[in-house]
Structure formats: structure tokens, C-alpha cells
Amino acid sequence: MDALLIDWYSHNKRDLPWRQPATSAWGVLVSEIMLQQTPVARVAPIWLEWMDRWPVPSKLAAVSQGEVVRAWGKLGYPRRALRLHEAAGVIAKDHNDIVPSDVDTLLALPGIGAYTARAVAVFAYGQRAPVVDTNVRRVVARAVHGAGDAGPASNTRDMADVEKLLPVDVADAATMSIALMELGALICTAKNPRCVDCPLLTDCAWQKAGRPEYAGPLKPVQRFAGTDRQVRGLLLDVLRDTDGPVERARLDAVWADSAQRDRCLDSLLVDGLMEQTPQGLFALPGEHS
DNA sequence: TAGACGTGGCG
DNA sequence: TCGCCAAGTCT
């Protein structure tokens with residue numbers, strides 16, 4: 001399985017900007033944070049801009065939170081930008097401006113969890129570790145377990161599953177990790193998998209079992225329209241599109257339900273995505289004088 | 001551990 | 001059209 005997969009990857013991998021050989025560990029880290037729950041096509045231009053502006057962690061750490069949130073643009077989940085900014089500060093101060101290569105050290109940084117820590121260790125530093133994201137979980141569920149899709153995530157079990165699949169050779173293990181993800185992204189997709197193009201077709205347990213439909217519990221559908229997430233997004237968008245602090249009325253205009261609006265405004269302040277000036281105006285954090 | 005947390009494109 | 005989906009983390 002590993003040889004087939006690695007060979008397939010070498011011929012079919014996408015030419016993504018963060019996969020250039022010259023990409024630094026910092027570049028890999030930034031890409032991984034941006035790619036959390038966010039499509040490649042939307043990340044690519046922003047990542048290029050960030051690498052140009054902030055080629056090392058200390059450069060990012062030196063600018064205000066507001067500038068970072070603004071540069072994050074509409075990638076979504078803007079708290080990621082705040083956490084990355086904070087992580088950059090720790091890396092600059094405590095790690096000599098060098099992204100740690102040790103998984104446990106990476107895990108201690110804000111915004112870096114089990115997936116991202118190992119993704120950095122493996123993709124930036126070539127280590128052998130199980131990198132488990134939604135793509136990998138789906139590929140393993142099908143090819144190994146013969147299920148139509150992955151059930152609820154279980155970090156410990158999922159990583160143990162993948163660990164067993166990794167080649168002993170460190171370099172091969174690293175390539176296998178990225179290949180598993182790429183297969184899940186391009187071939188073994190959630191809907192309408194392109195099995196005819198799959199390098200694992202003849203080995204796949206799901207294929208052998210007659211491609212049974214997924215029978216486990218369904219993930220609860222995440223609504224968006226009308227949720228606090230939508231309102232927070234609208235509120236923050238006002239500040240992103242404005243140069244300086246804005247009056248309360250500008251924010252009030254984006255959502256009719258005042259109770260929900262107030263709740264969301266408060267949560268943005270609590271999260272540090274927004275600040276109130278002494279004059280009572282609203283601004284991105286650290287941007288008002 | 002279930003639920004919160006943005007956004008926009010696609011079938 | 002609109003539900004589903006996209007390289008998760010935190011509480």
C-alpha cells in the first residue's frame with residue numbers, strides 16, 4: 001500500500017505554493033493554520049501575501065493584532081489569526097524565531113492541536129508521525145476498515161491506526177503521510193469518490209466489500225444562516241472594511257435582532273477580535289490610538 | 001465530548 | 001435552490 005501510494009503521489013500531487021522546496025517551517029505552519037477548515041483555493045493568495053509581508057515569526061509578532069485580523073481577510077474563523085499571532089510571539093521570544101520541530105513543543109503553542117503539530121513535524125521537518133486529518137480518517141476508514149466513511153473522530157485510536165500504516169523508513173513515512181491526505185483530497189473524496197483512478201483500488205477493503213454505504217452516526221449539520229457565527233462575521237466585516245474606529249450605529253446596522261447583536265458584539269470583545277476605544281468607538285484590536 | 005467557531009463554492 | 005463540504009482547535 002505504501003509503495004503504490006507514494007508512487008501515485010509523485011505523479012499526481014498538486015503544485016501548491018507551500019510545497020515549494022524552499023518553503024520554511026514557518027511557511028508550513030502558516031499554511032497549516034490557514035488550511036484548517038478552509039479550502040486550498042482561498043488560502044493560496046493570502047498565504048503568498050503573508051509570506052511576503054512576514055517571512056519570519058518575529059515579523060508577524062511585531063505588528064498589531066488588528067493588522068493581522070485585517071490581513072486574514074475572509075478566510076473565516078478569525079480567532080485563528082489571533083492565535084497564530086500569539087504563537088509567532090512565543091516562537092520569536094522563546095525559540096529564537098525558529099518554529100519548533102518537537103511535537104510536544106508545538107502542541108504547547110496556541111492554535112496548534114494534534115493534527116497541526118504533527119503536520120509541521122512531518123511536512124517541515126521530515127519526521128515520522130501519524131498526521132491525521134479528515135481526509136486521512138476517510139481513506140483509512142475505507143481502504144483499511146472497509147467502511148463507507150469514518151465514524152466520529154477518536155484522536156488516540158485514529159493516530160494508532162495510521163501509525164501502523166506508516167513505513168519504517170522516516171522519509172517514506174513522511175511522504176506517505178502527505179500522500180494519504182492528497183488521496184483523500186483528490187480521489188477518495190467524501191462524495192463521489194473517483195475509485196477508478198485510485199492506486200489502492202485492488203487493495204481497498206471498502207471496494208472488496210462491495211462499497212457498502214456508511215452506516216454509523218451522522219455528523220450534525222452545522223447551520224450558519226441566522227447563527228451567532230454569521231452575525232459575528234458581519235460585525236467584524238464592518239471593521240475590516242473600514243480604516244479607523246467606527247460608531248456603534250455602523251455595527252447596529254448589520255443585524256436587526258438587537259439581543260443577538262449585543263451578544264455577538266460582546267463575544268467579539270471577549271475574544272479580543274474587537275476593542276472599544278475610550279471614546280466608545282469600536283475598532284480592530286491595537287489599531288486605535 | 002458535543003457544540004461553538006466563518007466563509008463561499010459546488011452539485 | 002440549498003444542503004453539504006473544506007488540511008481543526010478549544011472549552
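Both backbone and side-chain heavy atoms feed into the values below; hydrogens, waters and symmetry mates do not. Chain identifiers are assigned alphabetically (A, B, ...) following the order of the sequence lines, protein sequences preceding nucleic acid strands; residue numbering begins at 1 within each chain.
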Span that lies between the P atom of B/dG6 and that of C/dT11, in whole angstrom: 14 Å
Span that lies between the P atom of B/dC5 and that of C/dA7, in whole angstrom: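 These two P atoms come out 22 Å apart once rounded.
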Residue whose closest nucleotide on DNA chain B lies nearer the 5' end, A/G76 versus A/P152: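 The residue mapped nearer the 5' terminus is A/P152.
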Rounded distance in Å - [atom1] ([X]) to [atom2] ([N]):
| X | N | atom1 | atom2 | answer |
| --- | --- | --- | --- | --- |
| A/D271 | B/dA4 | CG | P | 14 Å |
| A/D149 | C/dC4 | CG | P | 14 Å |
| A/Q37 | C/dA7 | CD | C1' | 9 Å |
| A/Q222 | C/dA6 | CD | C1' | 12 Å |
| A/R137 | C/dA7 | CZ | P | 12 Å |
| A/L236 | B/dT7 | CG | C1' | 12 Å |
| A/L235 | B/dC5 | CG | C1' | 15 Å |
| A/Y77 | B/dC5 | OH | C1' | 5 Å |

I'd like a table of atom pairs between the protein and nucleotides 9-11 of chain C - only N or O on both sides, under 3.5 Å - with the distance next to each one.
residue: C/dT9; atom: OP1; partner: A/G113; partner atom: N; Å: 2.8
residue: C/dT9; atom: OP1; partner: A/G113; partner atom: O; Å: 3.4
residue: C/dT9; atom: OP1; partner: A/T116; partner atom: N; Å: 3.0
residue: C/dT9; atom: OP1; partner: A/T116; partner atom: OG1; Å: 2.6
residue: C/dT9; atom: OP2; partner: A/Y115; partner atom: N; Å: 3.2
residue: C/dC10; atom: OP1; partner: A/G111; partner atom: N; Å: 2.7

N/O donor-acceptor pair under 3.5 Å between A/D158 side chain and A/A153 backbone: no
Is any side-chain heavy atom of [X] less than 4.5 Å from a side-chain heavy atom of [Y]?
| X | Y | answer |
| --- | --- | --- |
| A/V28 | A/W18 | no |
| A/D228 | A/Q260 | yes |
| A/V162 | A/M159 | no |
| A/L82 | A/V68 | no |

CZ/A/R223: more than 12 non-hydrogen atoms of other groups inside 6.0 Å: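 Atom CZ in A/R223 is not packed in, count stays at 12 or less.
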Residue A/E49 excluded, over 12 heavy atoms near CD under 6.0 Å: yes
The single option from A/T277, A/V238, A/L265 passing side chain to side chain contact (heavy atoms under 4.5 Å, CB included) against A/F282: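 Running side chain to side chain contact (heavy atoms under 4.5 Å, CB included) over A/T277, A/V238, A/L265 with A/F282 returns exactly one hit, A/L265.
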Carboxylate-amine/guanidinium proximity below 4.0 Å for A/R240 and A/D237: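 Result for this pair is yes, salt bridge flagged.
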Any N/O donor-acceptor pair, A/T38 side-chain to B/dG6 base, under 3.5 Å: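 Yes.
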side-chain N/O A/R240 vs B/dT7 OP1/OP2, d < 4.0 Å: yes
So what does [X] touch, heavy atoms closer than 4.0 Å: a base, only the sugar-phosphate, or nothing?
| X | result |
| --- | --- |
| A/T227 | nothing |
| A/W18 | base |
| A/L268 | nothing |
| A/R19 | base |

Closest to side chain of A/A190, choosing from C/dC5, C/dA7, B/dG6: C/dC5
Criterion side-chain contact (heavy atoms from CB on, under 4.5 Å) on A/M51 and A/V30, from CA distance to verdict: CA-CA 9 Å; A/M51 287 302 100; A/V30 172; 3.7 Å; yes
Identify all pairs in which a protein N or O lies below 3.5 Å from an N or O of nucleotides 8-11 of chain B, and state each distance.
residue: B/dG8; atom: O4'; partner: A/R42; partner atom: NH2; Å: 3.3

